[in-house]
Amino acid sequence: MGIDAAHYHPWKTNPGGKLGGPLLGAWRGVAAVVRTTLLQLMRRKAYWAIYAVGISQFVVYWVVIYALTQLQLPSGTQRGMLNTFGFSIEAADPQDTGYLDFMEQQSYVVMIMLAFCGSLVVGSDFREGTLPFYLSRRLERRHYILGKLIALVGLIWLFTVLPALILFLEYGMFTTSTDYWRANWRVVPSILGYGTILGVVLALWLAAISAYLQKLAPIAVVWSSLFVLLGRLGFMLSRETGIREWVLLDPWKDLRLAGRLCFGQFRTAGDAQLSATAAWILICVSLVALLALIRRVRAVEVSA
Amino acid sequence: MSESTELTFENVTKFYGPVIGVNDVSLRVGPGITGLLGSNGAGKSTLMKLASGRLKPSLGEVRVGPHAARSSAAKRLLGYCPDVNAFYEEMTGREFVETMTRLYGYSLAEARRRTQTALERTGMADRAERRLKGCSHGMRQRIKLAQAIAHDPRVLLLDEPLTGIDPGGRREINELLRALAADGLTVLVSSHLLAEVEQLCDRLVVVVNGRILAEGTLGELRNLLNDEPLTIRLESPQARLAAALVVALPDTTHVTVRNDSVILRTRNAPAFFAELGRLVAAHQLEVRRLETLDSGAEAVFGYLQRSAT
Amino acid sequence: MEPLVDIRDVSFAYGAVRALTNVSLRLEPGTVGIVGNNGAGKSTLLRILLGLLHPTSGGGTVLGCDVRQSSSQLRGLVGYMPEAHAVVPLLKGVEFVALSGDLYGMPKRDARRRAHEVLNYVGLGELRYRRLDEYSTGNLQRLKLAAALVHDPKLLLLDEPTNGLDPAGRTAMLRTIEDLIAATGKSVILCTHLLADIERICKQVVVMHQGTVARAGTLDALRQHTASRYALRWQGPREPFVAALQAAQVSLDFPPEHAAVPSTEQHALAVVPTGWHTAQFFELAGRSEAVVVELRPEQEDLEQLFFRVTHGN
Amino acid sequence: MRTARAFLTLWLLSFRRLFWSIGTPMLLLPIVACIMFLVRRNYGASDDPVQAFHAFSMFLLTVFASFLVPLCALAFGTAGLGGDREDRTLLFLFIRPLPRGLILLAKYFAALPLVLGFTVGSLWIFCKLAGAPGRAAFDAYLPATLYMSVAYTSLFHLFAALVRHSTVAALIYAVFMEVLLGNVPGIVKRVAVNYYGRSLMYDAGVEHGLNAPDAQWFDPYPPADARTALWAIAIGALVAAWLVFRTREYEEPT
């Protein structure tokens, strides 16, 4: 046996360890794409720098919640501080917007990070001929797209949903009874809902843009135009013309309104009216992005 | 035909940080085709980059004719066909060669004329209107060659020009290089495909671990190996007789007979072959096949490599 | 025995560009080399055999799987080593090979275990924990071979496996492939411009030309056999020996001459008259102060075969 | 003579490649968005000319100066030299008889007209569309636009000469230095090119009716000093890039 070590060994399958059938095999492929994509990102130092920026905000919220539940401050001060961060002092007040505010603020960091990772995660597959490698295994187009999207959504959740849920747990733990969790259980599906909207929409848009533009500079130009320029223009238009609908030009605003739809909380009544339109805008643009992405992947399969 | 220009390395050493790429190399490359042989990482590419003036030697001097390799005067005398497969992809082959030629400062008409000539010589004249992005590997290699010869250089450097070329293309490029060498050009071809270098080159330079191990014609290199034992196979219906004859020769060792063939080793190949000729003629031995099992550039290279380490 | 490949009248066009025209091919299990100039349709054929592209017309089977329908099942039986760089940046060697296994549908742990095994086999044992960015060309080629072997396929499709390798790397790669064939009886389809590789490894050859199969069959059957031709190499002066041979009715053919340096060695192709005794070569050489150092009955090699088929000479 | 012709060829080559690069259509997207905004908003129809000038100036300050100008420089500034580095085509230039300093200058002067063309051109279009307030605004803000464009272009060329992934570096710089630090109150914002440009714009705009900014939030630099600072950035960065590019070896060991 020792002499034999250098020779080729056929694959001796463990019980149940064969190549999966079409369904199982494809699922394993998708999981591998997801794992690999996340791994690639985490090997980049720039990613950790951005994650550190993102998580610093989480630390602030953590400290605030800790301080407010533990310290005996004069009640006026405490109430004021809590309100600044969107939490209320009464354990069971359903008007908490702290989690929502937190996720909204996190999404700025998410946007910057996505601008950087689009060319690595999707663009380079197209630019350097890695896509044919994926597709020459037992992966179909749809599995590749699905895998990349899941990875991107997971990445976005690492910045938003996960820390928000941790904050929710923290709040409940420090109030020493389970009342907080019981009274506010609706927060959890709301966080998940907002996270899903944020994840799916951003992932689809980024994947489509990166598949066509591939390199960092053009991706950054388009991405920042979408999320910075349109926001500023929409804001000025709505303020100067007095027509509120103009704010919907801003994808951030749309995402935020859709998020508030999940939480059922709006700053103003106007926001509540706009939120359904905002959701429809997101759905339509995302569908266009998905179709564009599929088209692009198909083109590579035939030509490369 | 203008006068010949030599490429000279004088005690050249090149470091990349702590890594040594080329270690105290002195070399003169004159007209004709010289092959630069070495395995990956032996320093071939570094020598090419030094000769083309893209790198500055850490120690020593590289000259093209009388000029330092990094001077503009040297670059006018030099044509370079790089190994990287990179282009301005959106251009057509003709545009690319023409632009590259104009960077020597030719007028538009002159650059056009030279481009046309270069494309004709590389067999691309009728296919040069295609965008480089859509060109096959072989076509791209020829375009690279065309941009290297369009300004009539006196020294031509080719870094792995035959990698990935199909058999038809290989034949044509070899013919072109021979024609250029016949015009008195100094041509330096780096390669690790030994069989081709053997066919193409007048002289060989073998690089190992950043140093020059040997240089000369293939024959000269082979003569260097005369001290090395050589394995020879002789096929004959009278194999036993043949074996008995060669065993008697002074430098023969390890004679084995299997069916119709005799395999033997000799320590002195020239003497062996001369004696063998006489014996065969004298005994009217029928020889179906006589060959050296470990000759050819590949074997020479292998020997040199082994003796270096 | 089930044929390895059995396709009939397969055509493929990229838009208006026809890449393959009515290709019919039947190959037995074993080793097959595909040769052809660029644009002859080799890579299109490979992609059709792999089920990546569906033929515009025609069809057939590979390893008994229909190339039009069961492409997922087919790719589970075939290991493909692409020509392109095609690695995932920032991964380590073993992760890349395990990823390949995952993508073939292997269970995750099996893929990981198997990745170590095949990496050892192709000789990358010590490099497996390094990042792919640090791999040399030769090691990348071995890595891609490992990635194609990971799920123990019945058939290996190798596209230019020795491209860019130095002699040592090339020999090692060819040895690995030979060993693999000998030890496991896997079938291999090898696609390369280096005809010597095919001659060394493959029993069957497919010569492609302008989108069609110009010849297909075993190499021995395709070779043109010519008796009474010898390749001759000698040391010593050229003229007297040549004259002596010509006087003895031997017609000589010289390979293209090198430009400058006169060599001490000469070689020629000799066509001998009937009743020739090979000892005469040595006799004539001895008289003209030449020493014969090589004498080989000339056999058509793959390169000559290729040019005869594609250029008609 | 031959060198001059070669230089012109390289300049033309670089200019053409940049002009037809993907950056051009991508930049048209935000510009078209701004044009649509201005058409919809139509400052010229406003009753109060001073108020209209102020509103239009705010558009130029928040959208044009602090977003569009850096974006234009980003799209063309690193792409010329950095693109050649990333695509490994730089070697084709290094083997021609052109001094390295001239290669850098050719790249720089190829990018500069494009950046200026896009910034000045879009400023001109915006001012035309704005009507009455635009006429005064163009003359008032043109110098600041020119200064900023040149300074950014030089800076991004320095990035391209220094680091391999110059686009990443430029983007990080643009996001963190220009957007984040450029907009925080206090003295920190002096690291941003943008700050000096906007100081000049405030100085030029106030006499036409732009409200002076809240000094707590944005304390403008004196115009003469701001001009000096922008000149210093432009020339300093270019000289640094020139020095780096001349001596550096853009090769990796194989």
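The shown structure was predicted, so the numbers you read here are calculated from the model rather than taken from an experiment. Each chain gets a letter, A, B and so on, in the order its sequence line appears, and its residues count up from 1.
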Fill in: D/L91 and B/R54, any side-chain heavy atoms less than 4.5 Å apart
yes

Practice prompt. To the nearest 0.5 Å, tell me how far D/T89 OG1 sits from B/Y88 OH.
Written response: 4.0 Å

Practice prompt. Using modelled atom types only, decide if a donor and an acceptor are shared between the side chain of D/R2 and the backbone of B/G105 within a distance under 3.5 Å.
Written response: no

Worksheet item: If you look at every heavy atom in B/Q147 and D/I95, which pair is closest and at what distance?
Response: OE1-CD1, 4.4 Å

Fill in: Residue, of B/A86, B/G79, B/S52, that accumulates the most heavy atom pairs under 4.5 Å with chain D
B/A86

Worksheet entry | Close approach to chain B in residues 11-19 of chain D, criterion heavy atom under 4.5 Å | D/L13, D/R17

Fill in: Heavy-atom neighbours of B/R130 CZ exceed 12 at 6.0 Å
no

Discussion item. Looking only at the side chains, is there a donor atom on one of B/Y104 and D/R96 sitting less than 3.5 Å from an acceptor on the other?
Written reply: yes

Discussion item. I'd like to know whether D/L10 forms a side chain to side chain contact (heavy atoms under 4.5 Å, CB included) with B/L103, so could you lay out the CA-CA distance, the side-chain angles of the two residues, the decisive distance to 0.1 Å, and finally the verdict.
Written reply: CA-CA 7 Å; D/L10 179 57; B/L103 286 176; 3.7 Å; yes

Practice prompt. Taking atom CZ of D/R246 as the centre, report whether more than 12 heavy atoms of other residues, nucleotides or ligands fall under 6.0 Å from it.
Written response: no

Worksheet entry | B/R113, CZ: over 12 other non-hydrogen atoms inside 6.0 angstrom | yes

Item to complete: Measure distances from B/F15 to the heavy atoms of chain D and classify the residue's part below 4.5 Å as side chain, backbone, both or neither.
Response: neither

Discussion item. Tell me if a side-chain donor or acceptor on B/K56 pairs with a main-chain N or O of D/T247 at a distance below 3.5 Å.
Written reply: no

Item to complete: Using a cut-off of under 4.5 Å on heavy-atom pairs, state which of D/L93, D/D84, D/D87 scores highest against chain B.
Response: D/D84

Worksheet entry | Top contributor to chain D interface from B/G21, B/S107, B/A148 [non-hydrogen pairs under 4.5 Å] | B/S107

Response to the item:
dist B/N85:CG -> D/R88:CZ (nearest 0.5 Å) comes out at 8.5 Å

Worksheet, complete the sentence: Under 4.5 Å to a heavy atom of chain D? For B/E95 that would be neither

Worksheet item: With a 4.5 Å limit on heavy-atom distance, are the side chains of B/P82 and D/F92 in contact?
Response: yes

